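Sharing a structure, written as structure tokens. Questions coming.
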Amino acid sequence: MAKSLFDKTISRRRFLQGSAATAAGAFIGASLLVPKSAHAAEKSQPAFTGEVLSGSHWGAFRAQVKDGVWVDTKPFEHDPRPTTMLAGVREVVYNPARVKYPMVRLDWLKHGYKSDTKQRGDNRFVRVSWSQALDFFYFELERVQNTYGPSALYAGHSGWQSCGKLHSAGTMMRRGINLHGTSLSKAGDYSTGAAQVVLPHVAGAMEVYEQQTSWPLVLEHAKTIVIWGSDPVKNLQVGWLMPDHSVYGYYAELAKKVESGEIKVIHVDPVRNETQKMIGGDQIKVNPQTDVPLMLGLAYTLYQEKLYDASFIANYTTGFDQFLPYLLGETDGIAKTPEWAAKITGVDADTIRAMARQMASGRTQIIGGWCLQRMQHGEQYAWMLVVVAAMLGQIGLPGGGFGFGWHYNDAGTITSNGPLMSGFSAATSVPPIHNGSFNGYASYIPVARFVDCIENPGETIEWNGHKIKFPLMKMAIFCGNNPFHHHQDRNRMIKAWRKLETVVSIDHQWTATCRFADIVLPATTSYERDDIEQFGNHSNKGIVAMRKVVEPMFESKDDYDIFAGLCGRFKREQDFTGGKTKMEWIEEIYNGARLQGRGLGVRMPTFKKFWEGEGYVSFPEGQAWVRHESFRNEPDLEPLGTASGLIEIYCKTIADMHYDDCQGHPMWFEKEERSHGGPKSNRYPLHLQSCHPNQRLHSQLCSSTKHRESYAVANREPFYISVEDAKARGIKSGDIVRVFNDRGQVLAGAVVTDDYSQGVCRIHEGAWYNPLHGGKPGTLCVYGDPNVLTLDIGSSKLAQATSAHTALVEVEKYKGKAYELTGFSGPIYDESVDPLFPAMELN
Ligand SMILES: Nc1nc2c(c(=O)[nH]1)N[C@H]1C(S)=C(S)[C@@H](COP(=O)(O)OP(=O)(O)OC[C@H]3O[C@@H](n4cnc5c(=O)[nH]c(N)nc54)[C@H](O)[C@@H]3O)O[C@H]1N2
Ligand SMILES: Nc1nc2c(c(=O)[nH]1)N[C@H]1C(S)=C(S)[C@@H](COP(=O)(O)OP(=O)(O)OC[C@H]3O[C@@H](n4cnc5c(=O)[nH]c(N)nc54)[C@H](O)[C@@H]3O)O[C@H]1N2
Ligand SMILES: [Mo]
């Protein structure tokens, strides 16, 4: 049995501290730690003590429960490499940021949709009953549909919610809202917004979320592995479903082969990342945002030195001839030589040539990450990486070609032979009550442009060959995502937000999104309800029963019950639930897989046996697999999904869109702002990375006090900076620093490290927004949300994806007051207007 990950003391003192801040002087009994229902149970039978198997985005685990309280967590014994983040998961249930009751913003309670929206963010709320809260929610839906029609209601956002096949927060929301009326939805996501739009034109599939070539084959065949702006060792800790972490075994094998010299690994990254630290290899410290010039320099070398595979280009691609004049400088007078690239990238020309020769010298697997496409012109990186791989001619061979999803969802493991469970569906066969006209406005918007939409109704933008006319958004609903962490340019967002009449946020953590909402509804965590999930993402190793660990805290309800209750207000509750209980749904989901399993020759126990017994079934291992192999073997019978069926080095479909910022073939475009001598670097010399955190999943676990304190610096989010840059500014590790640009300012805690190249710094995304003066644009964020500093423009007219990683900042040692954190302690209740207040902390 694996060792416990953290000490067993429940941080009761801290938990109470957080609550006390909101309940000024109110009596707080020990009863706070135990949910109400457990108290009721106490009288008849003792509260539960024992071990419960469950799971999460961080993996499966066994929760130790004592008298109805979750006291400790042990990783699942079938997880060979549990993440240290598991330690923060239990705290999600008990932390001071827990949303406890349905709450309504003070001024919204007084004035409804005519409230003073400038007060949003001041965090003054009033507790209401569940029935009142759902009535408000329903009346607002009715009002918005009747007054403006579907285009004014935005219920399109999605996010990382929790895993579990039944309780998908976003699905619950869409199913409930769809039964009431149509609404504005979204296209794409923040993760891969640029790549997932350009790659279908170029390579015929999204490429980002798909399974990759099996690692055993890569380890056997590859001579060189180029890891381009990717940190799989950090990012594979989490999964969209429940990761099994078996993929780490392959990285351990790779580390051995790197050490023995059997495989050469090249990391193209301005940072020595966690993957490099684990597996070793060489690093090409490219200047941020200049990977396309580096790739062009490689392509130029491959062409000039005749190292490219002309027959692959002829047989499997189209448009090389239209790209070549650009590469050679015939169209724009600039040959994309290694010398040209060296000036922009900071990588010397000989190194570029040596890298090209190395890649052409044998089988080379290219592993591309996603950060590089979360920047302005992010489409070009994805496209050009495919072009380099095409020139090498190894696409479809084991250990060769390109892949964009290696750091995600256990990619490269061998997919089992087991069945896949289906989930709960957002669609029903019941028509909505309101099905009004969109009046010429778009019925969907590219997701990362949603603040543009709020700010500029009536404006028309381009997107992937379509015209999108922004509607007049009046009401927005967020369930299972946190836009006040994930969206860029916080201060701009705060101003735009004021145009919304009503905002609903459904969460179990009192996030900044709750602070900027009007109606906040408390959801259960996935540890307070039963569910079921696949163990392993691409690996699909088996099925885990996600059993309820503890009873729901305070007045939290499952998203399922929240939306069933909402639907009850317009007589659609039965349609929402399908007349089934939650356990019946779970059983149905399991039985669907069981039936499928029979067809595959995989025997599974009955649901009863599974649920009441071990709660885990494992599947037999499947076959190793090579990405793009079928296309390589039979390009005529297995064409790619592109217009030509081939890899499109030049793409007529895109060229015909006539966009200036994304043309017929990959190109280098200068950025709005760029470090190392690029635009605006005189004023703000440091490139700000806002990569994904090593110790969180986005904003999730940031409110887990003990866990946060394990990595926080001076009580703030860490700010990573190079030794040279820190020295020049008199900054030492442990200092509080002020990071700023024209868009905003945040405090953070300095970590000075030679892992970072000069001119590059980082604050991980997901650090909670903790404004000094809530709701005031420009105010200091005292914890360190990087999205106070990021730029909110579309990647290009093609994908309109986020450009979060196009951002420059300056930093200084902070000498002002070390403000207390207030962002993790829930709302400020207004006692004078809160009829339920006196009972609040006592039940
Ligand atoms: N600057 C910068 N910004 C970025 C990025 C970046 O690289 N840089 N990356 C972007 C990317 S790739 C992504 S995917 C986004 C992520 O953005 P989000 O998906 O919004 O991030 P999370 O913090 O995971 O938010 C999930 C929320 O759902 C809540 N939740 C969890 N379980 C449940 C449930 O059962 N019910 C309900 N109702 N709520 C639940 C959690 O408490 C949390 O508040 O961020 C994007 N933002
Ligand atoms: N632990 C953890 N894992 C996660 C997540 C999480 O929140 N926490 N989130 C998940 C999600 S939703 C997503 S979308 C993925 C995100 O996956 P990615 O977007 O691929 O991950 P990042 O960690 O943001 O960045 C990967 C690498 O890109 C490098 N990089 C940044 N800028 C440049 C540049 O200009 N040039 C080059 N060459 N390299 C650069 C960074 O230094 C870093 O090592 O991660 C997933 N995995
Ligand atoms: Mo993502």
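If you're wondering where the values come from, they're calculated on a predicted model, not measured in any experiment. First listed ligand is number 1; within each ligand, the first listed atom is number 1.
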In plain terms, say whether Asp531 and Arg547 are close enough for a salt bridge, that is, a side-chain N and a carboxylate O under 4.0 Å apart. no

Side chain, backbone, both or neither: which applies to Leu236 and ligand 2 if a contact is any heavy-atom pair less than 4.0 Å apart? neither

Ligand 2 versus His805: contacting region, heavy-atom distance under 4.0 Å: neither

Run through His698, His764, His805, His485 and flag the one making a ring-ring contact (aromatic ring centres under 6.0 Å, His included) with His692. His698

If you measure from each non-hydrogen atom of Arg374 to ligand 2, which part falls under 4.0 Å: side chain, backbone, both or neither? side chain

Just heavy atoms, cut-off under 4.0 Å: does His687 contact ligand 2 by side chain, backbone, both, or neither? neither

Step-by-step side-chain contact (heavy atoms from CB on, under 4.5 Å) determination, Val520 to Trp510: CA-CA 9 Å; Val520 180; Trp510 195 268; 3.4 Å; yes

What do you reckon, does Gln700 put a non-hydrogen atom under 4.0 Å from ligand 2? no

among protein heavy atoms, the one nearest atom 4 (C) of ligand 2 is Val238 CG2, 3.3 Å

Qualifying residue, where the test is ring-ring contact (aromatic ring centres under 6.0 Å, His included) with Tyr783 and the options are Phe824, Trp768, Tyr769: Phe824

Near Val271 (heavy-atom distance under 4.0 Å), the atoms of ligand 2 are 42 (O)

Can an N or O of Arg529 be found at a distance shorter than 3.5 Å from an N or O of ligand 1? yes

Nearest heavy atom to atom 8 (N) of ligand 1, choosing from Ser690, Gly164, Ser703, belongs to Ser690

